[in-house]
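A quick note: this is a predicted structure, and the numbers were derived from the prediction, not measured. In what follows, every chain begins at residue 1, and chains take the letters A, B, ... in the order their sequences are listed.
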Amino acid sequence: MPPKGKQASSKLCFVTVGATASFNSLISATLHPQFLDALSKAGYTNLLLQYGKEGKPVFDKLASKLDGPSGHGIAIDGFDFNRDGLDQELKAAKGLPENAEGVVISHAGSGTILAVLRIDVPLIVVPNEELLDNHQEELAKVLEEQGYVIYGRLEDLPATIAKSEELRIRHKSWPPVNSGVHRQARGLAGVMDEEMGFLD
Amino acid sequence: MPPTPLALLASPTFLLTTAFSLLLALTLRLLAILPPRPRRPTPRRIGAPTRLLVVLGSGGHTAEMLSALHGLNTQKYTHRTYVVSSGDDFSARKAAEFERGLEASGGEPAGGTEKANTGAGAYDIAVVPRARRVHQSLLTTPWSAGRCLWACLGVLLSANGKGKSGDGVGRGYPDLILTNGPATAVVVVLAAYVLRFFDVRGANSSGVMRTIYMESWARVTTLSLSGKLLLWVLKADRVLVQWEQLKGMGGRAEFLGVLV
């Protein structure tokens with residue numbers, strides 16, 4: 001959790017690498033001075049990283065470098081993994097109850113993407129190119145095309161912060177309203193009922 | 001000298017013929033039950049005891065499944081069994097949390113007065129060994145998959161352990177199996193097929209264990225391996241996809257909008 005007792009207008013950037021694979025390149029990219037500059041320009045006050053089971057050495061090393069007098073005025077925190085899920089952190093990024101809405105930068109896992117879309121915070125999805133499953137990339141791409149997320153690339157993360165401010169303004173909420181015949185009428189519950197023989 | 005009867009039994013011709021006949025019989029049997037069962041399930045009244053088996057595949061799979069099940073009607077689905085892989089504490093916790101949610105909401109989306117079919121007796125969490133760990137050698141995979149299959153058979157067979165018992169053939173089997181991958185989900189469906197194949201305790205004749213496979217929301221243009229297997233080989237009764245690009249795969253994948 002970000003330290004409590006900040007001024008009321010704190011703004012959090014929450015970075016999550018997920019539970020299963022390490023994603024150290026995302027940690028380094030978000031602890032890069034240029035990225036912190038971009039955060040600072042966009043009015044951010046806090047940066048919180050969920051760095052994964054193997055991310056601690058990288059996080060500690062880079063975060064200690066940033067501690068110097070050249071500080072960007074951004075408080076940096078990190079933790080490895082939260083067994084109970086990320087609800088608290090996502091709420092903090094949302095700015096609840098009284099802070100400014102921030103941003104979430106996430107690996108491309110569908111569970112995390114879904115959780116962030118539901119809580120409705122601007123989301124930058126950065127597929128982990130070291131994992132050889134391109135379907136995560138596909139999901140990130142199609143969601144960007146439809147205007148729900150920003151597809152982030154490690155090499156230009158600072159620029160995506162500005163893009164996420166645009167996303168905040170455009171704001172398209174999830175879940176999509178599925179066209180007429182879909183969802184409202186059936187969805188999974190409908191198919192389950194059909195297979196069970198429940199005739200409503 | 002004519003061969004002795006015993007020698008005849010051991011002759012290659014005889015063995016081949018026997019093997020072939022057996023294979024033919026098995027194949028015919030398999031073909032008889034493998035296609036999606038054409039008949040619609042028999043109508044069922046709400047309130048009858050039912051059993052739903054949900055496979056929680058870990059991580060994003062679990063998150064998607066529980067999200068899609070949001071607001072489950074416990075008047076219709078009176079008992080839930082969640083199958084999780086050993087070591088997957090996340091899924092087990094999420095399942096318990098999901099059930100607490102059902103309990104808190106009174107078990108009915110419409111906010112009915114009955115608080116039935118929720119809480120400790122109304123669900124159980126079954127743990128099975130992993131079919132294959134990440135990075136596990138392919139050599140040892142058959143062994144671990146076999147152990148997983150054995151455990152899944154046990155789950156399906158002993159499903160009548162809790163609460164309701166022995167009122168009729170196949171009573172204990174899940175009425176509906178709901179999966180969204182990965183490996184363990186395929187093994188559970190395979191276990192159901194094995195039981196149906198041999199019609200163990202009326203597994204096939206009583207029409208239980210219909211299966212729904214929901215492809216991951218993360219699959220936009222290609223099916224996952226589990227999806228392919230359950231669409232073409234193990235033939236889940238229904239295959240649902242969540243992106244229009246996958247609609248109609250295998251001639252029957254259904255797109256009903258986003259489900260998660």
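By number of non-hydrogen pairs under 4.5 angstrom with chain A, the leading residue of B:Leu178, B:Leu69, B:Val220, B:Asp89 is B:Val220. By number of non-hydrogen pairs under 4.5 angstrom with chain B, the leading residue of A:Gly109, A:Gly18, A:Ser110, A:Gly111 is A:Ser110. By number of non-hydrogen pairs under 4.5 angstrom with chain A, the leading residue of B:Gly59, B:Ala218, B:Gly60, B:Ala68 is B:Ala218. Contact tally against chain B (heavy-atom pairs below 4.5 Å) for A:Glu195, A:Glu194, A:Lys141: the top residue is A:Glu195.
A distance-only check finds no donor-acceptor pair linking the side chain of A:Gln50 to the backbone of A:Gly78 [under 3.5 Å].
Contact annotation for A:Val142: only side-chain heavy atoms (C-beta onward) come within less than 4.5 Å of a heavy atom of chain B. For chain A, the nearby part of B:Glu254 is the side chain; its heavy atoms alone come within less than 4.5 Å.
Between A:Phe79 and A:Phe14, the ring planes lie parallel to each other; the angle is under 30°, not in the 30° to 60° tilted range.
Cation-pi check for A:Lys53 over A:Phe81 is met; the charged atom lies under 6.0 angstrom from the ring centroid and within 45 degrees of its normal.
For B:Arg45, the CZ atom counts as loosely surrounded, since its 6.0 Å shell holds 12 or fewer non-hydrogen atoms of other residues, nucleotides or ligands.
Looking at residues two or more places apart in sequence or on another chain, you find a side chain to side chain contact (heavy atoms under 4.5 Å, CB included) between B:Lys228 and B:Leu223, B:Trp232.
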